[in-house]
S.K.: 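Below: one structure in structure tokens.
Throughout, protein chains are lettered first and strands after them, A, B, ... in sequence-line order, and every chain is numbered starting at 1.
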Amino acid sequence: MNIDIVQHSPALILAVPLLFAFLTPIVARISEKGRDAIFFLGLFIMAFFVSVMAYEVYTVGGWSYVFGGGTVTPNGTGSSFFRILFVADGISAMASITLTISAIGAAIYSYKFMEHDTGLNKFNTLFLLMIAGVNGMVLTGDLFNLFVWFEVASVSSAALIAFKNYEGEAVEAALKYMILSVVAGLFFLLSIGFLYGQYGVLNFQLLAENITGTNLDKIALTILVVVLALKAGAVPLHFIIPDAYSMAPGSVTAVLVVASQAGLWVLFRVVFTLYGLAVNTFTLGWIVIVLGILSMFIGVTMALVQKTVKRLMAYHAISQTGYMLLGVGVGLAVLGQPEMDIYGRLAMEGGIFHIINHAMYKGLLFMTAGVIIYETGKRKLDELGGLGHSMKWTMVFFMIGALAIAGIPPFNGFASKLMIYKSVYSFNPLLSIIAMVVSILTLASFVKVFHSIFMGPKDESVSKTTEAPKPMLLGMAILAGVVILFSLFPGLVVSTIVEPAVEALGVIV
Amino acid sequence: MNWEAILMTIPYMTVVILFMIGLFTVLFKKNLIKIIMGIAIMQNAANLFLVSLAYRRGEYAPIFTSAESTEMVMPTAHALTLTSIVIGLATTALLLSFVIMIKKHYGSINTDDVRRCKE
Amino acid sequence: MNWKMSRIVRTVTNFLIVPIIVYGIYLVLHGHLTPGGGFQGGAVIASSTALLIIAYGTLGEHEKDLSSVEALGLTLFILIALLGIGTTMFYNFLAGAGGVFGGTIPEGINPGYINTGGTVPLMNIFVGLEVTAALSLIIWMMSKETFVINSEKKEVKD
């Protein structure tokens with residue numbers, strides 16, 4: 001039987017985590033070690049298929065995959081008119097690579113982090129389900145299939161946030177996250193109804209060819225932008241992010257960051273590919289820019305006054321999301337005009353490069369916060385102190401993450417922020433100056449955190465801590481290694497991974 | 001008055017009224033069980049919207065077993081509605097489990113008391 | 001605490017379970033001909049488990065079995081989908097090929113023939129297994145909490 005692995009890789013990327021997620025309870029009845037072995041086996045097989053798909057996309061080009069059809073036909077022909085299809089192009093490849101690296105680091109970390117908890121069958125199943133949901137959100141080419149994977153990702157994320165349910169606060173945070181995600185999903189369903197009633201198809205490509213700018217389309221666009229901004233955590237819809245990120249277990253937060261960014265990927269696909277030049281992109285671009293500026297500023301100023309480690313880092317995640325929205329918003333505002341070739345493309349590349357950088361260093365920072373909570377059992381900044389004497393490797397990883405997020409050369413945060421500063425300055429100088437001020441405030445905030453946790457004399461209550469166990473250090477080292485790799489070769493990364501993603505957001509007039 | 005046109009829009013007006021009732025309940029009520037009931041009403045409104053989009057005048061339900069004639073509507077919207085009903089079941093079950101655990105830890109299900117996450 | 005109901009209720013339950021399960025299996029098997037299918041039939045069979053929990057007050061030692069049945073149903077569903085990977089995933093490789101569920105479908109209006117449909121009735125059966133087990137587990141977990149809260153209330157009152 002001759003199976004072309006490369007052609008079938010989008011379906012296999014999705015099928016493997018689902019299959020191993022449902023095999024876990026059956027294997028766990030037989031042996032406990034087998035359950036952990038199956039967990040890692042599933043993740044490594046998925047990583048293999050992701051690399052196969054990425055290699056094919058970067059050397060040959062993108063393709064689309066129809067489920068249940070007779071042959072793998074091109075999009076818009078044959079039976080792909082009414083079947084579900086997956087699209088493999090630059091955006092899917094880049095998002096899947098980000099998710100895979102983050103998930104493998106978090107899985108190795110959680111092998112030791114969760115060992116004191118019961119109910120680990122359900123943790124493995126939910127983790128693999130969340131990965132399958134986020135992968136489905138970025139791989140799909142059909143609007144209703146997007147809704148299905150959106151709900152799968154939000155249900156499994158909420159269940160994972162509430163995992164440590166012997167404290168009451170985790171359940172409260174998960175309840176708030178769940179209620180807002182479900183209401184957002186219902187609004188999403190309304191906008192799908194508007195688009196289906198007018199055009200009769202729900203395929204991204206076919207809808208993009210048929211869409212005109214009627215009033216009902218603009219209402220559907222507004223609902224879609226608001227729902228996806230809520231998933232990504234942009235101000236003024238950011239209220240679920242601080243509670244959820246601070247109450248989840250350490251490894252889960254690292255993957256939750258990537259799950260929130262999936263909302264950003266889908267937002268870019270909807271705004272560029274689905275609507276394109278059918279609406280007034282100058283106004284739409286300015287709306288995205290305003291969302292970005294608000295997120296940057298409010299995120300960093302709220303972060304300066306927090307007293308708990310993980311809540312502070314969650315507000316910084318909101319502020320960094322603002323950078324991504326700013327870069328891509330500038331690209332959207334000049335779409336179709338000659339300035340696009342001058343600085344619009346550079347702004348979009350900066351914004352999209354910032355997405356993968358942010359996932360790497362933010363995951364690293366959340367994992368170090370998890371180590372501190374695991375070893376000392378305390379969350380507040382004024383009860384910690386002087387941990388640098390005993391936790392040397394953790395301090396090194398924290399320093400790498402903090403320098404990268406503040407945008408200090410030569411780390412990868414500096415590379416993407418430089419691209420954003422240069423291109424946004426040509427568009428409007430005031431925006432670029434606000435971005436630089438926010439970067440300085442980020443550095444100030446992290447200097448305060450570093451000093452109060454790691455420096456100074458040892459606090460009485462935390463004097464008996466030791467270094468973190470080896471699996472947790474290995475998980476953090478994987479993400480730190482990727483951060484350093486991106487810092488050494490930023491030009492190579494941009495030309496290989498980021499430019500195909502920007503090309504894939506092609507405009508259909 | 002064009003009675004036929006008004007009759008055709010009655011399902012859509014019902015959708016809007018139900019959705020607004022559900023949204024009002026989620027926004028302004030303080031009991032967690034009432035909020036979850038409001039979410040369930042909104043889910044029903046969205047499903048009704050999807051089914052009523054598929055109607056064409058004078059055509060029958062798309063079932064071939066002992067049907068009346070072969071003029072049938074396209075069943076795409078019905079498939080979307082079935083999926084949405086199943087998703088609604090899963091989210092309602094998860095929300096109700098969360099409410100049970102909150103009752104155990106906090107002792108009350110009033111949203112004014114469930115507020116420990118700020119520190 | 002013992003939450004059993006009286007002997008009459010338990011005996012009638014023993015008789016009522018059979019028609020409910022038969023009706024549920026009918027809905028699951030005829031999913032490709034009449035309205036129904038995996039989810040709807042599974043929900044009907046799960047209501048019989050709810051009846052058992054109310055009448056007997058406990059589910060016995062069967063909680064782990066339900067969890068395994070649920071996982072088994074979903075694993076088989078994905079394996080059947082992956083078996084068609086010669087063409088694409090979820091390809092209906094049993095339709096019109098003779099053998100299990102592989103009859104030919106006559107054109108137009110017909111009284112339904114159950115031996116058609118290919119992989120669709122098989123997937124209906126597996127989804128029905130999974131939905132039954134999952135909904136029964138949800139009802140059992142919520143009832144356990146309610147029984148605990150109610151026994152604490154009864155002890156306080158006495």
S.K.: Based on non-hydrogen pairs under 4.5 Å, which of A/A170, A/S181, A/S154, A/G168 is most in contact with chain B?
M.R.: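 Most heavy-atom pairs within the cutoff with chain B belong to A/G168.
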S.K.: Of all the heavy-atom pairs spanning B/L53 and A/G193, show the shortest one and how long it is.
M.R.: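 Result for this residue pair: CD1-O, 3.2 Å.
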S.K.: Side-chain contact test, heavy atoms from C-beta onward, threshold under 4.5 Å: evaluate it for A/V182 versus B/M42 and give yes or no.
M.R.: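 SC-SC contact between A/V182 and B/M42 ruled out.
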S.K.: Tell me, side chain or backbone of B/I87 under 4.5 Å from chain A's heavy atoms, or both, or neither?
M.R.: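 Answer is side chain: those atoms of B/I87 sit under 4.5 Å from chain A.
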S.K.: Between atom CZ of B/F49 and atom CG of A/L186, what is the distance when rounded to the nearest 0.5 Å?
M.R.: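 Taking CZ in B/F49 and CG in A/L186, the distance rounds to 13.0 Å.
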S.K.: Examine whether an atom of B/I36 lies under 4.5 Å from a heavy atom of chain A, and if so say whether it belongs to the side chain, the backbone or both; otherwise answer neither.
M.R.: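 For B/I36, no heavy atom lies under 4.5 Å from chain A.
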S.K.: Checking A/F194 against chain B: side chain, backbone, both or neither under 4.5 Å from a heavy atom?
M.R.: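 It is both, since atoms from each part get that close.
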S.K.: Quick check on A/K122: does its NZ atom have over 12 non-hydrogen neighbours (other residues, nucleotides or ligands) under 6.0 Å away?
M.R.: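 Counting neighbours around NZ of A/K122, 12 or fewer heavy atoms of other residues, nucleotides or ligands fall under 6.0 Å, so no.
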S.K.: Would B/L32 and A/L175 satisfy side-chain contact (heavy atoms from CB on, under 4.5 Å), going step by step from the backbone distance to the final call?
M.R.: CA-CA 10 Å; B/L32 275 178; A/L175 178 78; 3.8 Å; yes
S.K.: Is it the backbone or the side chain of A/V155 that comes under 4.5 Å from a heavy atom of chain B, or both, or neither?
M.R.: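 Both backbone and side chain.
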S.K.: Taking atom CG of A/L189 and atom CG of B/L80, what is their separation to the nearest 0.5 Å?
M.R.: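 Taking CG in A/L189 and CG in B/L80, the distance rounds to 8.0 Å.
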S.K.: Is the count of non-hydrogen atoms from other residues, nucleotides or ligands lying under 6.0 Å from A/K448 atom NZ greater than 12?
M.R.: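 Enclosed.
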S.K.: Check whether more than 12 heavy atoms from other residues, nucleotides or ligands sit under 6.0 Å from atom OH of B/Y12, and answer yes or no.
M.R.: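 Enclosed.
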S.K.: Would you mind checking which part of B/I39 comes under 4.5 Å of any heavy atom in chain A, side chain (CB onward), backbone (N, CA, C, O), both or neither?
M.R.: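 For B/I39, heavy atoms of backbone and side chain both lie under 4.5 Å from chain A.
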S.K.: Please classify the contact between B/A77 and chain A as side chain, backbone, both or neither, with a heavy-atom cut-off of under 4.5 Å.
M.R.: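 Both backbone and side chain of B/A77 come within 4.5 Å of chain A.
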S.K.: With A/V171, which of B/V99, B/I100, B/I102 fulfils side chain to side chain contact (heavy atoms under 4.5 Å, CB included)?
M.R.: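 Testing A/V171 for a side chain to side chain contact (heavy atoms under 4.5 Å, CB included) against B/V99, B/I100, B/I102 leaves exactly one candidate, B/I102.
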S.K.: Could you give me the CA-CA distance, side-chain angles and deciding distance for B/T76 and A/L202, then say whether side-chain contact (heavy atoms from CB on, under 4.5 Å) is met?
M.R.: CA-CA 10 Å; B/T76 318; A/L202 280 176; 6.0 Å; no
S.K.: Give the minimum heavy-atom separation between B/Y106 and A/E172, together with the two atoms involved.
M.R.: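 So the minimum-distance heavy-atom pair works out to OH-OE1, 2.6 Å.
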S.K.: Taking every non-hydrogen pair under 4.5 Å, which of A/L190, A/V183, A/V148, A/I179 racks up the most with chain B?
M.R.: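 Option with the greatest count: A/L190.
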S.K.: Hey, which of A/S246, A/P242, A/A174, A/A173 has the most heavy atom pairs under 4.5 Å with chain B?
M.R.: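 Greatest number of close heavy-atom pairs with chain B: A/A174.
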